[in-house]
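Letters go in sequence order (proteins before strands), and every chain restarts at 1.
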Amino acid sequence: MKPRVRFAPSPTGYLHIGGARTALWNWLYARRLGGTFVLRIEDTDQERSTPESVKAILDGLNWLGIDWDEGPGKGGPYPPYFQMEKLKRYHDVAEQLIAEGKAYRDYTTEEETAQLRRDFAASKGLTDKDDLRKAGFKYSSPWREKTEKLEKPFVVRFKLQPKGERIGFDDLVLGRLEKPDDDLDDFVLLRTDGIPLYNFSCVVDDHDMAITHVGRGQEHINSTYSQVALYLALGWQQPVFAHFPLILGQNNEKLSKRKHPEADVMAHQRAGVLPHALLNFICRLGWSHGNDELFTRAQLVEFFDFADVGKTNGVWNAQKLLSINEHWIKTTPPTEIAATLVPYLKALEVDAAADAKLESAVKAFAPRAKTLVDMAQSIKPYYARGVTLDAAAAAKHLDATGKDMLTRARAKLAALPEWTAPVIDPIVDVIATETGAKKGAIAQPLRVAATGGTTSPGIGDTLALLGRDETMLRIDAALGS
RNA sequence: GGCCCCAUCAUCUAGUGGCCCAGGAUACGGCCCUUUCAAGGCUGUUACGCGGGUUCGAAUCCCGCUGGGGUCACCA
């Protein structure tokens with residue numbers, strides 16, 4: 001049977017790194033097995049959900065190349081894919097549960113439960129919510145055993161009926177997970193305004209959408225027990241669960257939007273990371289395929305399996321991401337990199353087309369750039385007219401002997417029949433032989449004249465990139481300095 | 001605090017009882033290459049949290065401790 005998996009983000013901000021990895025792993029699983037990847041928007045938190053966030057999440061997934069078979073913009077056989085569009089369905093399921101005595105209407109107001117908390121706190125001499133938890137505060141509804149229907153607002157609560165047994169499930173990553181069933185409490189299914197809460201809508205939707213495997217972060221383990229209780233009460237078949245280890249920030253806490261800027265997927269685009277590099281990196285964070293580190297997209301699809309996901313949380317390692325980015329910048333065809341690079345150059349006010357010149361520039365700088373931002377910055381001077389000489393570099397390399405070498409080089413360059421790196425490069429050797437000078441004594445003055453500084457790609461590549469006219473212009477300017 | 005999950009280098013990880021006085025990658029150091037800077041090649045330092053078992057033999061299995069993380073809403 002082909003698996004049906006899903007990614008179900010709540011649109012309360014940008015696409016989070018953890019979410020992206022969850023999406024990726026589910027997507028990979030579906031792709032490898034020829035299954036279906038569903039995108040469902042869990043927008044029931046009306047306080048925080050926004051259309052902009054929906055767009056941000058879709059944009060993030062698109063940038064990473066994670067496409068969905070069913071969901072927003074695609075439709076599918078189990079609509080709607082936005083939870084707020086199926087309120088009636090949740091209501092019906094809740095009513096069914098009430099009718100069967102498996103849920104009840106709780107007319108206690110929010111203010112009353114808050115008062116209960118305050119009373120409890122006062123009796124124990126406590127103050128905040130955290131203290132209450134530690135002291136074991138537990139809400140118990142007076143409406144639990146009642147069935148009458150009043151003309152008052154109510155929430156629908158699930159009526160847990162613990163048997164003193166253990167409740168649990170077989171997790172694809174963690175193995176058998178269990179806890180005592182009396183550890184669960186009567187969680188809310190429907191709020192006063194009729195909008196469902198996560199534990200409820202999630203179960204209804206996963207069932208309605210015929211989801212076979214639920215892969216999500218370990219932070220959901222405890223809610224899974226509640227959801228299992230719901231599946232049992234509803235008599236629905238449970239999906240297979242797979243709980244993924246968390247991605248931690250440098251401070252060892254779960255990567256969060258507030259504390260960790262790197263949690264934003266698109267921040268990496270802005271930083272000049274290739275989407276595939278990010279994909280490669282996050283996929284390998286918590287999953288492995290032997291000692292392999294670098295994977296093409298096809299290999300990821302070929303190798304990925306929930307069974308190879310690890311159990312331990314992983315710490316975000318920006319340097320490793322950069323090194324992986326470096327690798328893909330180096331190995332992706334220059335044409336592709338050039339096209340991707342155009343907007344980064346634009347941001348630096350360089351209007352470059354993805355043409356032959358830019359491709360050569362990419363070839364020259366690919367082994368030298370960690371990010372596309374780096375690369376754009378390095379390439380920018382090659383699109384300028386003239387260059388400002390770095391004072392220290394000029395002082396060191398453009399003294400009398402330096403200028404003498406430069407003059408010799410200029411004469412030879414001017415006589416060149418062709419302006420390409422292989423033709424330009426030997427000039428350094430020729431002058432070295434003629435004068436007995438070291439290559440560096442020739443190449444460095446040339447480099448300073450051409451680039452203003454002491455570092456650049458090989459001198460042939462550098463001058464070829466600049467073009468004959470621009471090179472001559474800069475040499476003359478340096479000679480006249 | 002209750003409950004739940006986890007535990008190999010600084011970090012990501014390989015490892016499913018002998019092939020491991022623990023391998024790869026990143027980072028860090030050295031050497032080589034070299035007209036600069038990179039890249040590349042070679043190489044070095046660094047880990048099985050602790051204590052008990054089981055076994056001829058444990059990083060691998062069991063127990064305890066310790067440590068880390070998650071979760072306890074009319075958020076998801």
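- Proximity note for A:K134 (side chain, C-beta onward) versus B:G1, B:C5, B:U35: the nearest is B:G1.
- Side-chain atoms of A:D45 and A:S10 form no donor-acceptor pair, as typed in the model, at a separation below 3.5 Å.
- A distance of about 44 Å separates the P atoms of B:G51 and B:C32, rounded to the whole Å.
- Residue A:G136 is classed as having no contact, given no heavy-atom separation below 4.0 Å to the nucleic acid.
- When the C1' atom is compared between B:C48 and B:U43, the two are found 25 Å apart, to the nearest whole Å.
- Computed from coordinates, the A:L197 CG to B:A73 C1' distance equals 8 Å when rounded to whole Å.
- Taking every side-chain heavy atom of A:H220 into account, B:A76 is the closest of B:U35, B:C72, B:A76.
- Across the protein-nucleic acid pair, A:E219 atom CD and B:U71 atom P stand 6 Å apart, rounded to whole Å.
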If you restrict it to nitrogen or oxygen atoms, what contacts under 3.5 Å exist between nucleotides 37-39 of chain B and the protein, and what is each distance?
from	atom 1	to	atom 2	distance (Å)
B:C37	O2	A:R368	NE	2.7
B:C37	N3	A:R368	NE	3.4
B:C37	N3	A:R368	NH2	2.9
B:A38	O2'	A:P367	O	2.7
B:A39	O4'	A:P367	O	3.2
B:A39	O3'	A:K330	NZ	2.9

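- When the C1' atom is used for both B:C33 and B:G41, the distance is 8 Å, rounded to whole Å.
- Between A:E326 and A:K320 there is no salt bridge, since none of the side-chain N atoms of the basic residue sits less than 4.0 Å from a carboxylate O of the acidic one.
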- Task: Evaluate side-chain contact (heavy atoms from CB on, under 4.5 Å) for A:Y104 paired with A:I98, printing each intermediate quantity in order.
- Result: CA-CA 5 Å; A:Y104 58 95; A:I98 293 171; 5.9 Å; no
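- For the P atoms, the distance from B:A59 to B:C19 is 9 Å, rounded to whole Å.
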Distances for protein N/O vs nucleotides 21-24 of chain B N/O pairs under 3.5 angstrom?
from	atom 1	to	atom 2	distance (Å)
B:G23	N2	A:N291	OD1	2.3
B:G24	N2	A:E293	OE2	2.6

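- Look at the C1' atom in both B:C42 and B:G49: the space between them is 35 Å, to the nearest Å.
- Using a cutoff of 4.0 Å between basic side-chain nitrogens and carboxylate oxygens, A:K370 and A:D374 are not scored as salt-bridged.
- At a threshold of 4.0 angstrom between heavy atoms, the contacts of A:T108 include nucleobase atoms, whether or not backbone atoms are also involved.
- A salt bridge links A:R105 with A:E95; the closest basic N to acidic carboxylate O contact falls under 4.0 Å.
- Between A:D206 and A:R6 there is a salt bridge, with a side-chain nitrogen of the basic residue lying less than 4.0 Å from a carboxylate oxygen of the acidic one.
- Under a cut-off of 6.0 angstrom, the local environment of NE2 in A:H276 is crowded, with over 12 non-hydrogen atoms contributed by other residues, nucleotides or ligands.
- Comment: A:D399 does not engage A:K403 in a salt bridge, judged by the lack of any side-chain N to carboxylate O separation of less than 4.0 angstrom.
- Residue contacts shown for A:E178 are limited to sugar-phosphate atoms, with no base heavy atom under 4.0 Å away.
- If you take CZ of A:R176 and C1' of B:C4, they are 14 Å apart, rounded to a whole angstrom.
- Rounding to whole angstrom units, NZ of residue A:K311 and C1' of B:C12 are separated by 18 Å.
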N/O contacts under 3.5 Å, protein versus nucleotides 61-69 of chain B?
from	atom 1	to	atom 2	distance (Å)
B:G69	O2'	A:N313	OD1	3.1

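- Within the shown strands, nothing qualifies as a pairing partner of B:U16 under the Watson-Crick or G-U definition with both distances less than 3.5 Å.
- For A:F200 and A:F158, the distance between ring centers is not under 6.0 angstrom.
- Here, B:C20 and B:U36 have their P atoms 41 Å apart, quoted to the whole Å.
- Look at the C1' atom in both B:U8 and B:A22: the space between them is 8 Å, to the nearest Å.
- Sequence order on RNA chain B of the closest nucleotides to A:S323 and A:E110 puts A:S323 first from the 5' end.
- The pairing partner recorded for B:C21 is none, the criterion being a Watson-Crick or G-U wobble arrangement whose two distances lie under 3.5 angstrom.
- The pair A:R89-A:D92 fails the salt-bridge criterion, with no side-chain N (NZ, NE, NH1 or NH2) lying under 4.0 Å from an Asp/Glu carboxylate O.
- Ring to ring, A:W287 and A:F295 are close: their centroids are under 6.0 angstrom apart.
- If you check B:G51 for Watson-Crick or wobble pairing at under 3.5 angstrom, you find it paired to B:C63.
- Between A:D429 and A:K439, at least one side-chain nitrogen of the basic residue sits less than 4.0 Å from a carboxylate oxygen of the acidic one, meeting the salt-bridge criterion.
- Nucleic acid contact for A:R157: sugar-phosphate only, since backbone atoms but no base atoms lie under 4.0 Å from a heavy atom of the residue.
- Candidate nucleotides B:C3, B:U11, B:G1 were compared by shortest atom distance to the side chain of A:V315, and B:U11 ranks first.
- Residue A:K88 qualifies as open at atom NZ: its count of foreign heavy atoms under 6.0 Å is 12 or below.
- At the heavy-atom level, A:Y225 lies under 4.0 Å from the strands shown only through sugar-phosphate atoms.
- The interatomic distance linking A:K396 (NZ) with B:U35 (P) rounds to 16 Å, in whole Å.
- For A:A443, the side-chain atoms get nearest to B:U35 when compared with the rest of B:U35, B:G70, B:A76.
- Among the nucleotides B:U13, B:A76, B:A73, the one closest to any side-chain atom of A:T312 is B:U13.
- Spacing between atom CZ of A:R21 and atom C1' of B:C12 amounts to 12 Å, rounded to whole angstrom units.
- Ring pair A:W316/A:H268 is tilted by interplanar angle, where 30° to 60° counts as tilted.
- Pair check for B:G1 finds B:C72; Watson-Crick or G-U wobble, both atom distances under 3.5 Å.
- In this structure, A:D292 places its CG atom 19 Å from P of B:C12, rounding to the nearest Å.
- The nucleotide whose nearest atom lies closest to any side-chain atom of A:S288 is, among B:A76, B:A14, B:C74, B:A14.
- The partner of B:C28 is B:G44, by the rule that a Watson-Crick or G-U pair needs both atom distances under 3.5 Å.
- For the pair A:R21 and A:W25, the cation-pi test (distance below 6.0 Å, angle within 45°) is passed.
- Among the atoms of the strands shown, base atoms are found under 4.0 Å from some heavy atom of A:N317.
- Taking atom C1' in both B:C21 and B:U46, the straight-line distance is 15 Å, to the nearest Å.
- A:R144 and A:D186 are joined by a salt bridge, as a carboxylate oxygen and a charged side-chain nitrogen come within less than 4.0 angstrom of each other.
- Residue contacts for A:T44: at a heavy-atom cut-off of 4.0 Å it reaches the sugar-phosphate backbone alone, with no base atom in range.
- Heavy atoms of A:T109 sit under 4.0 angstrom from at least one base atom.
- For A:L285, taking side-chain heavy atoms from C-beta onward, the closest of the listed nucleotides B:C12, B:G70, B:U8 is B:C12.
- Looking at the side chain of A:L177, the nearest of the listed nucleotides B:C5, B:U35, B:A27 is B:C5.
- Nearest nucleotide to the side chain of A:Q444, out of B:A76, B:U36, B:C4: B:U36.
- Residue A:E112 contributes atom CD, which lies 14 Å from atom P of B:C74 at whole-angstrom precision.
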